[in-house]
Q: 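Before I ask anything, let me first share the structure, which is written out below as structure tokens.
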Amino acid sequence: MPSATVIQRMPCPSARVFELLHDYSRRLEWDTLLREARLTRGHRVAARDATSLCVGKPLFGAIGIETRYLTFHPGSLAAVEMINRPPFFESFAASIRHEDLEGGSKATYRLHFSARPRALAWLLHPIMRVALRHETRKRLQALARFLEAERRCEACRPAR
């Protein structure tokens, strides 16, 4: 099964990164890939067994991937698996692990997928791996920039 890993340094502690990353009411403020992001099937907060739908922008075919959280440990680890059958994806799973570092944190995103139709997997797998790795890198960089801007804005506010 094809996979990819993207590591991104973040400007704040892992608890803050984790919180924003899984806050679907704010996801579109920073996510460069999505035009829609929401929890589904009656879930109101991200948690183990909660489900979410993320729909890409038209440039990416407006493909919607619905996932279920398999693991959810605030501040350290979340993992999801695809539960719908969008075009081109036979399977998809991802995890993001957070680790505090001096002066910030590190996010490690790992994804695994398989393409459909299977007869074209030999062609689709390399293309999809490159595209998914590229988009994941862009998204995590955008998240880091957003958190940095938010941190600077908070530092400029007068003390109460």
Side-chain angles (χ1 to χ4, degrees), residues 1-57 60-61 63-116 121 124-148 150:
M1 182 179 295
S3 63
T5 300
V6 176
I7 299 171
Q8 176 66 47
R9 180 149 174 108
M10 296 292 174
C12 54
S14 58
R16 178 68 190 115
V17 178
F18 190 98
E19 177 187 349
L20 181 61
L21 181 66
H22 301 286
D23 182 348
Y24 286 82
S25 70
R26 298 193 64 199
R27 187 70 171 264
L28 300 182
E29 292 179 35
W30 61 267
D31 199 312
T32 56
L33 175 68
L34 302 180
R35 70 172 187 165
E36 181 182 350
R38 63 184 168 85
L39 293 166
T40 60
R41 303 179 188 211
H43 294 101
R44 298 193 189 288
V45 295
R48 187 170 189 267
D49 292 324
T51 57
S52 67
L53 176 67
C54 291
V55 180
K57 292 180 178 176
F60 302 101
I63 293 173
I65 295 181
E66 189 174 14
T67 60
R68 179 176 65 90
Y69 281 96
L70 302 172
T71 303
F72 195 85
H73 300 292
S76 62
L77 175 67
V80 297
E81 70 176 347
M82 184 179 77
I83 58 174
N84 65 337
R85 291 197 32 93
F88 304 109
F89 285 92
E90 180 65 32
S91 67
F92 178 85
S95 68
I96 188 159
R97 183 174 299 279
H98 303 269
E99 179 184 344
D100 283 323
L101 304 171
E102 188 173 328
S105 62
K106 174 176 77 170
T108 303
Y109 188 96
R110 289 190 171 93
L111 62 93
H112 304 272
F113 69 95
S114 59
R116 67 180 172 99
L124 294 173
H125 282 165
I127 295 167
M128 291 171 73
R129 180 184 296 132
V130 167
L132 288 167
R133 182 182 294 138
H134 174 75
E135 287 306 316
T136 300
R137 184 170 287 114
K138 270 181 45 180
R139 294 167 83 190
L140 291 178
Q141 288 171 346
L143 176 59
R145 284 191 304 272
F146 184 89
L147 286 162
E148 180 61 31
E150 190 176 69

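Since the structure is predicted, the reported quantities are computational estimates derived from the model, not experimental observations. FYI, the numbering just counts along the sequence from 1. Any value given below was found using the heavy atoms of this structure, including those in side chains, with hydrogens, waters and symmetry copies removed.
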Q: For Glu90, enumerate each residue passing the side-chain hydrogen bond (donor to acceptor under 3.5 Å, both in side chains) test, keeping only those at least two apart in sequence or located in another chain.
A: Arg85

Q: Looking at residues at least two apart in the chain, or sitting in another chain, which of them share a side-chain hydrogen bond (donor to acceptor under 3.5 Å, both in side chains) with Arg38?
A: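 Testing Arg38 for side-chain hydrogen bond (donor to acceptor under 3.5 Å, both in side chains), a comparison that skips the adjacent residues, returns Glu36.
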
Q: List the atom of Ser3, the atom of His112, and the distance in Å for their closest heavy-atom pair.
A: CB-ND1, 3.2 Å

Q: Is it true that atom CZ of Arg48 has more than 12 heavy atoms of other residues, nucleotides or ligands lying nearer than 6.0 Å?
A: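 No.
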
Q: Kindly write out the residues that satisfy side-chain hydrogen bond (donor to acceptor under 3.5 Å, both in side chains) with Thr40, not counting sequence neighbours, or none if the list is empty.
A: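 Thr40: side-chain hydrogen bond (donor to acceptor under 3.5 Å, both in side chains) contacts with Thr51, Glu66.
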
Q: Given Val17, which of Leu140, Asp100, Leu147, Ile96 fulfils the side chain to side chain contact (heavy atoms under 4.5 Å, CB included) condition?
A: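 It is Leu147, the one option of Leu140, Asp100, Leu147, Ile96 that forms the side chain to side chain contact (heavy atoms under 4.5 Å, CB included) with Val17.
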
Q: What's the spacing between Ile63 CD1 and Lys57 NZ if we round to 0.5 Å?
A: 15.5 Å

Q: Should the pair Arg145-Glu148 be classified as a salt bridge under the 4.0 Å nitrogen-to-oxygen rule?
A: no

Q: Assign the ring pair Phe89 / Phe92 to parallel, tilted or perpendicular, where the plane angle (0 to 90°) is split at 30° and 60°.
A: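 Answer is perpendicular, since the angle exceeds 60°.
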
Q: Show, in sequence, the C-alpha distance, side-chain angles and deciding distance for Cys54 and Ile65, and conclude whether the side-chain contact (heavy atoms from CB on, under 4.5 Å) test is met.
A: CA-CA 5 Å; Cys54 291; Ile65 295 181; 5.6 Å; no

Q: Tell me whether the count of non-hydrogen atoms from other residues, nucleotides or ligands lying under 6.0 Å of CZ in Phe146 goes above 12.
A: yes

Q: Once you round to the nearest 0.5 Å, how far does CD of Glu150 lie from CD of Glu29?
A: 8.0 Å

Q: Tyr24: what forms a ring pair (Phe, Tyr, Trp, His ring centres under 6.0 Å) with it, not counting sequence neighbours?
A: none

Q: Quick one: pull up CD in Glu19 and NE2 in His98 and give me the separation to the nearest 0.5 Å.
A: 11.5 Å

Q: At what distance, to the nearest 0.5 angstrom, does CG of Leu111 lie from CZ of Arg133?
A: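 The CG atom of Leu111 sits 8.5 Å away from the CZ atom of Arg133.
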
Q: Supply the atom-to-atom distance Arg110 CZ to Thr136 OG1, rounded to the nearest 0.5 angstrom.
A: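 Answer rounded to 0.5 Å: 13.0 Å.
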
Q: Between Arg41 and Ile83, is any pair of side-chain heavy atoms under 4.5 Å apart?
A: yes

Q: With rounding to the nearest 0.5 Å, note down the distance linking OG in Ser25 to CG in Leu20.
A: 9.0 Å

Q: Could you check Thr108 against Glu99 for side-chain contact (heavy atoms from CB on, under 4.5 Å), going step by step and ending with a plain yes or no?
A: CA-CA 8 Å; Thr108 303; Glu99 179 184 344; 5.9 Å; no

Q: My understanding is that only residues two or more places apart in sequence, or in another chain, count here; which of them pass side chain to side chain contact (heavy atoms under 4.5 Å, CB included) with Ala50?
A: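 With sequence neighbours excluded, Ala50 shows a side chain to side chain contact (heavy atoms under 4.5 Å, CB included) to His43, Tyr69, given in chain and number order.
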
Q: Count the heavy atoms of every other residue, nucleotide or ligand shown that sit under 6.0 Å from CZ of Arg68, and state whether that count exceeds 12.
A: yes

Q: Using ring pair (Phe, Tyr, Trp, His ring centres under 6.0 Å) as the criterion, list what pairs up with His125, not counting sequence neighbours.
A: Phe113

